[in-house]
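One structure, as structure tokens, below. Some questions next.
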Amino acid sequence: MGPGLSFDGNTLRCANPLLSPQIVMPKAYEILRSVRERAPLPPSEIEVQALWFEQLYQPVLNTDDGRTVSLVQPGFWNHGGGPDFTRAVARFGREGAPGGEICVGNVEVHLRPADWNAHGHHVDPAYEETILHVVWEAGGGKAFFPATTSFRRVPQVVLGTQLVAPWSELKPLCASLLRHPLPDAVPGRCSPALAHLPAGQAADILRAAGLFRLRQKAQRWRWRRHQAGPEQALHEALAEALGFHANQVPMRLTAQRLPWKKLRAMEHEARLAHLFGLGGFLPGVSAAKLQAEPRQWLRRLWEIWWKARGELDYALLPRSQWKLAGLRPLNRPERRLAALAQIVPRIPELLAALKTRNAQRFAQTLLAVRDPFWEKQATVTGAPLSAPCRLIGSERVDDILINVFWPMAAMEEPEAAGEALAKMNAAPNGAARIASQRMLLSTLTPKQSREALIQQGLLQVFRDYCQTDCSQCHDCTFPEAVKTWPGNGVRAK
Ligand code: SF4
């Protein structure tokens, strides 16, 4: 049974404040049960995910490799592409042996073992960090052992036989949880401390964390500017921002392996050929299979790339570096590389705007980036997009202002950069959404929830505390930091 849960045959109670309060059996449930004539159908996959999220299973589970596993935290519920739960913390051991090895990683949920291969996870690098495959039932026939792309066996748990109560008892709870929007994370131990702060205090704490993050970024870019020069530092910063979370690292590596000076000296098509070739996006498919426009595009670039690739062989990025699963077509790395190719000649203009703190001119320069071919394509080989779309839209430009322009401006004027971020709105962000659900930030006004500086603060707290915690908040020091925050009237003893 999950932590703090008890079941007396009629009512499932949750004494653990970290779990959702609706886990207590609704009164109407007893009526439902008394008039029910048949056992409910087996759960759907999303219901098994809900069982996992609410930890409605035995405290110690048996795995198919003869070990036991107890979950410290079930992970953040991922409703997009990739594994169903990220950053779960599990303790693996042997029955009867205390302690055990702590593992942090992802959890994938299916109805049956063979779904792992049926969904292609055995060849998908996005599932490489899976530490547990949770299935509803073992399924008849031959035993099936899921494995990652590197042939690592993923331990498996059959949940249907290890629940805290029969599925028929738990189904109504799942139904109440599965009302939209689905949660991403359970509230953390810091949420009561934040909820009891005086008005405006939670926002101030997050703004302070946002300023800290801004200064950290400024320091990072100061070093890079010192090492590589302002043009190269900006080239790398923009490449990283264009990678937008999923592909920040391969985009930055691309900008380091193809430095600004080298790219600037090339014609536009040569620049594209180098960026796409180095990134592994000039496919080895027969050009004859393509539509006329992509075929010609590919032929022109391939003519340049096959002669150039020898000298860059050592630097080629493996395709596995790129995260493609679950990406919207508009966020595909090919479109980001095409945007980078267009930005390279504009770097001096962007630097001039940065020097004069002219965010508007910086934004307009980025918005002016056009590429008729890539505004219609998400990949070289794919069908054209249903409607043409700018390579860098206004939301992405705002993101670049928040993550590149103002942090770079903060190298000289951190206060002014902080004030500018406090006046900007930030687009919704997955990590910030999880962080605000963990902290239950109901004291923030809607305006404060959109504020870029506060969002940066949320991301910093999430990175420094939530993403390093392996104790379901137990060992986290953030709640104490909140209580002793200067000005809230509470002091540490
Ligand atoms: S890990 Fe810390 S900061 Fe994150 S939710 Fe738990 S108590 Fe809050």
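Remember, it's 1-based here, ligands and their atoms both numbered in the order they're listed. Residues take their numbers from the sequence shown, with the count starting at 1.
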Note to self: Applying side-chain contact (heavy atoms from CB on, under 4.5 Å), can you list everything that pairs with Pro446, at least two apart in sequence or on another chain?
What the structure shows: Arg450
Next item on the list: For the residue pair Tyr127 and Trp116, categorise the inter-ring angle as parallel (less than 30°), tilted (30 to 60°) or perpendicular (more than 60°).
Entry: perpendicular
Item checked: Charged N-O contact under 4.0 Å between Asp65 and Arg153 -> no
Check: Quick one: are the ring centres of His110 and His121 less than 6.0 Å apart?
Finding: yes
Next item on the list: Output, in order, the C-alpha distance, side-chain angles, deciding distance and verdict of side-chain hydrogen bond (donor to acceptor under 3.5 Å, both in side chains) for Arg213 and Gln216.
Entry: CA-CA 5 Å; Arg213 185 178 177 86; Gln216 272 202 325; over 6 Å; no
Item checked: Student check: side-chain heavy atoms of Val186 and Phe53 closer than 4.5 Å -> yes
Notebook entry, point to check: Hey, which protein N/O/S atoms does atom 2 (Fe) of ligand 1 have under 2.8 Å?
Noted result: Cys476 SG
